[in-house]
Structures are given as C-alpha cells and as structure tokens.
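All remarks here apply to the structure that follows.
For clarity, every value in this text was computed on a predicted model and none was experimentally measured.
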Amino acid sequence: MIVILKPQAEAGRVSALMEQIKRLGVDIHYSQGTTETILGLVGDTAHVDVDWLRASDIVADVRRVSEPYKLANRRFHPQDTQVTVSGRRIGEGAFCVIAGPCSVESEEQLLQVASAVKASGATCLRGGAFKPRTSPYSFQGLENEGLRLLLEARRITGLPIVTEIMSETQLDDFADVDIIQVGARNMQNFRLLKALGHSRKPVLLKRGLSATIEELLMSAEYVLAGGNPNVILCERGIRTFEKMIRNNLDISAVPVIKEKSHLPVLIDPSHAAGIAWMVKPLARTAVAAGADGLMIEVHNNPSCALCDGAQSLDPAQFDLLMQDIRRRAAFEEKVMS
Ligand code: PEP
Ligand code: MN
C-alpha cells in the first residue's frame, strides 16, 4: 500500500502517523522525493483501513497495490480449491451442474423435477424454500415445509441439495442441507457470512446485483476468515443499463476470478437471462470461459411456476442442454461431476 503525503505535512505529524501505522504490524519504507513524500507500507496490509488513512489531513492519497483479500487470494493459495459435497467434487477440473426449481412448490413438483434432473445427469438439486422476493405480496416459499421436501427429494434421488438461507438464525434448520446458498441480495449480509464462517458447510455465494468482483471476493473472505474453506462462488448477472436481458451475465468474471482466486466459480445463466431461450447460449459460454459448473432453473411446468417461470427450462429442454454441455465439457477436458 502506498500513502502519498501532502507536501506541507509537518514532520511531527508524519512521525506520529508512521507510529500509528507500525502499530498495525506493517513496516514502512519512507521516501522523500523533490515534490512528494511517500510511505510504502509492506507486510500484511489487509488490516489497514484505506479510509482511515484518507481521513488524515496530512494524507493526499492512498493506493492499494495488493488485494485486500488474503485467504481468497490465489497468490497465497496457488492450488485450485475443490469442494467435496457428499462424494461429489466441485472445482479443480470437475464440472458440476446444480439444477432444480426456483422455489419448492409442492411434493409432486419437486419430486418430478428432482428425478428428471437426476436422469439428465445433474450433480445437485436446487430449490428455494425461503424466497427473497422484491414484493412482499409474491410467493415467499414453503419455508420449513420446503426444507422437509428437499430432504425427502434427496432421500429418494440421492442428489445433494442446495437451498438459500436468509438469516444466521436459520443455521440450525439448515443443518442437513448439503450446500447453503447465499443469494445475491444477501452477499453483503456480514452477520450471515460470519456465522457461515463458523460452520463447515459448503457455501454457494452469489454475486450481488451491483457488486464488483472484489466485493464478491471480500464477502468470500468473511466466510474463509471464520475458518470455513468450503466456498463456491457464483456469477449470476449484474445490473447494467441494458434492458433486453434481466441481468448482464458478466462472463469476464470467470477468468478474472480464476486469476485472482483459487475458489471454484459457477455460472447461473437463468437469473442472468431472465428468459428460457437464452439459458442455453449463456450456459455454453460458461464451459468455454473455464467455469467450474452451472446452476440452472428447471420446472416441470414453467408456465405455472410460482417464481421465475419465464427463465425456467422444462425437463426436456434441460436434458438437451445437458447433452450439449457434456460434449463441450469433454472438449474442454473437464470431467462432469
Ligand atoms: C435463486 O437462486 O433463486 C435466486 C434468488 O438467485 P439470486 O440470489 O441470484 O437472485
Ligand atoms: Mn430464481
């Protein structure tokens, strides 16, 4: 980290600031040029608050040269992380497909979709029991009954289950869930992230609607910092000025995250597209870009879905997609998990 001091900064104030910085456990290279005095902070600067330094009236500017995340950083963990879920591998050469309805609606609906996605080769079953809806009047999910149905679907199909948590107070109720999803709207729910850090459950962390990649990695850092290494990231589209699609799938997030971090990264083309016909072309890009898998919404009768029907594939469309993805994964020398 580089701290550029104002030219008129008094020597006494500069030494006092340097003492304060050193107390944070970093070394300082002091360099006085003809026009500028610069403090080069070396060591672990993750704990140094850029805003705190900027607030000092002798500081002209502060620039980070290394990333503020450490545990999520590939620089300190060059090997890809692989998360294992009930014997299935996610990341590091394996390609997974998580599929299922946006929300669990009934036993019949969930079991039909679960057996269909299993037959097509899905790795895990998804389904929302607690739904974060924009309108309080929209279907909010079956809640604990939805969790019970997911566990039943797992018992019948053997597929591990993925479902979204809304609050840290639900952790006990999610004890039997295989992968806990943190949705886009909760990506910066820091109390929830800290609580998940104290568990060892795999966490599927979705990128916030308007979050930068660095903010996503900082949220992952919260979970990792609590001692939970099982974090899977998910790009699901971000908000831009474009109106023709629900969200802009930021496919460039895949190579960027792969470069910056060792964590597995999935693509959710369903929430990006917002419409079913666009799911397949976007899903194909995930394989080519080097993603570790996909999350796809599938409904037995999309036109009657209580949530996200327009973007849901029916089982036949999902099966065709899986055939296509399998061929592409083989071409990219990825093993389907
Ligand atoms: C979902 O997966 O159903 C969901 C609500 O996704 P997101 O948080 O990405 O909007
Ligand atoms: Mn959805």
Side-chain angles (χ1 to χ4, degrees), residues 63-83 90-99 181-188 203-224 231-297 311 321 324-325 327-329 331-334 336:
R63 289 185 209 151
R64 268 200 185 278
V65 287
S66 58
E67 296 86 2
Y69 47 88
K70 206 172 141 191
L71 300 170
N73 200 323
R74 190 180 279 286
R75 224 193 296 184
F76 305 109
H77 189 304
Q79 190 66 30
D80 279 346
T81 284
Q82 188 169 75
V83 176
I90 298 181
E92 211 196 345
F95 193 87
C96 72
V97 180
I98 299 173
Q181 176 173 326
V182 175
R185 289 154 192 83
N186 268 316
M187 188 203 85
Q188 288 190 318
V203 174
L204 176 68
L205 179 62
K206 297 187 91 176
R207 182 176 179 184
L209 279 69
S210 302
T212 64
I213 295 171
E214 185 167 289
E215 285 165 342
L216 172 63
L217 292 172
M218 289 305 284
S219 291
E221 189 80 8
Y222 265 88
V223 181
L224 298 170
V231 180
I232 305 155
L233 304 172
C234 181
E235 160 62 37
R236 46 77 76 203
I238 50 173
R239 277 202 175 153
T240 69
F241 50 82
E242 183 52 69
K243 296 275 182 285
M244 307 261 274
I245 32 183
R246 183 175 179 185
N247 293 291
N248 248 183
L249 179 65
D250 180 11
I251 199 71
S252 54
V254 175
V256 172
I257 291 170
K258 288 276 163 200
E259 157 79 12
K260 298 281 179 196
S261 179
H262 50 89
L263 296 173
V265 55
L266 310 186
I267 286 286
D268 169 354
S270 305
H271 288 87
I275 189 84
W277 66 263
M278 222 186 281
V279 170
K280 187 167 171 181
L282 296 186
R284 288 170 160 173
T285 68
V287 191
D292 297 296
L294 288 161
M295 181 183 242
I296 310 275
E297 284 190 342
Q311 68 198 31
L321 174 68
D324 185 275
I325 294 299
R327 281 194 298 271
R328 282 163 207 275
F331 182 74
E332 300 285 339
E333 296 180 355
K334 291 256 183 193
M336 299 286 285

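- Residues Ala220 and Val231 come closest through the heavy atom pair CB-CG1, 4.1 Å.
- Surrounding CZ of Arg64 are more than 12 heavy atoms belonging to other residues, nucleotides or ligands, all under 6.0 Å away.
- Remark: Arg327 pairs with no residue by the side-chain hydrogen bond (donor to acceptor under 3.5 Å, both in side chains) rule, at least two apart or across chains.
- Ser210 approaches Glu215 most closely through the heavy-atom pair O-OE1, 4.1 Å.
- Screening Gln181, Glu235, Arg236 for a side-chain contact (heavy atoms from CB on, under 4.5 Å) with Met295, the sole residue that qualifies is Gln181.
- One finds the OG atom of Ser261 at 10.0 Å from the CG atom of Leu71 (value rounded to the nearest 0.5 Å).
- Within a 6.0 Å radius of NZ in Lys280, other residues, nucleotides and ligands contribute more than 12 heavy atoms.
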Take Leu282 and Ile267 through the side-chain contact (heavy atoms from CB on, under 4.5 Å) test and state the conclusion after the steps.
-> CA-CA 9 Å; Leu282 296 186; Ile267 286 286; 5.9 Å; no
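- The two residues Ala288 and Glu332 make their nearest non-hydrogen contact at CA-OE2, 3.9 Å.
- In terms of heavy atoms, Asn73 sits closest to His262 at O-CD2, 3.7 Å.
- Expressed to the nearest 0.5 Å, how far SG of Cys96 lies from CD1 of Ile90 amounts to 4.0 Å.
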Give the C-alpha distance, both sets of side-chain angles, the deciding distance and a yes or no for side chain to side chain donor-acceptor pair (under 3.5 Å) between Glu242 and Asn248.
-> CA-CA 7 Å; Glu242 183 52 69; Asn248 248 183; 6.0 Å; no
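- Atoms CE and OH, on Met218 and Tyr69 in that order, are 9.0 Å from each other to the nearest 0.5 Å.
- Gln82 places a side-chain N or O within donor-acceptor distance of the main-chain N or O of Gly91, the cut-off being under 3.5 Å.
- Shortest non-hydrogen contact noted between Ala72 and Leu217 is CB-O, 4.1 Å.
- Considering only heavy atoms from C-beta on, Ser219 comes within 4.5 Å of Gln188 through its side chain.
- Of all the heavy atoms in Ala283 and Ile296, the pair that sits closest is CB-CD1, 4.4 Å.
- At least one side-chain heavy atom of Leu216 sits less than 4.5 Å from a side-chain heavy atom of Leu205.
- For the pair Arg74 (side chain) and Lys258 (backbone), a donor-acceptor distance under 3.5 Å is present.
- Rounded to the nearest 0.5 Å, atoms CG (Leu294) and CD1 (Ile98) are 9.5 Å apart.
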For Leu224 and Leu263, what are the C-alpha separation, side-chain angles and deciding distance, and is it a side-chain contact (heavy atoms from CB on, under 4.5 Å)?
-> CA-CA 11 Å; Leu224 298 170; Leu263 296 173; 4.2 Å; yes
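- Atom OG of residue Ser270 and atom CZ of residue Arg246 lie 9.5 Å apart, to the nearest 0.5 angstrom.
- Taking CG of Asn247 as the start and CZ of Arg207 as the end, the distance is 10.5 Å to the nearest 0.5 Å.
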After noting the C-alpha distance and the side-chain angles of Asp250 and Ile213, does the key distance pass the side-chain contact (heavy atoms from CB on, under 4.5 Å) rule?
-> CA-CA 10 Å; Asp250 180 11; Ile213 295 171; 4.2 Å; yes
Please assess Lys334 against Asp292 for the test side-chain contact (heavy atoms from CB on, under 4.5 Å), listing each intermediate value before the final yes or no.
-> CA-CA 9 Å; Lys334 291 256 183 193; Asp292 297 296; 3.7 Å; yes
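- Applying the ring-ring contact (aromatic ring centres under 6.0 Å, His included) definition to pairs two or more places apart or across chains, none involves residues 268-292.
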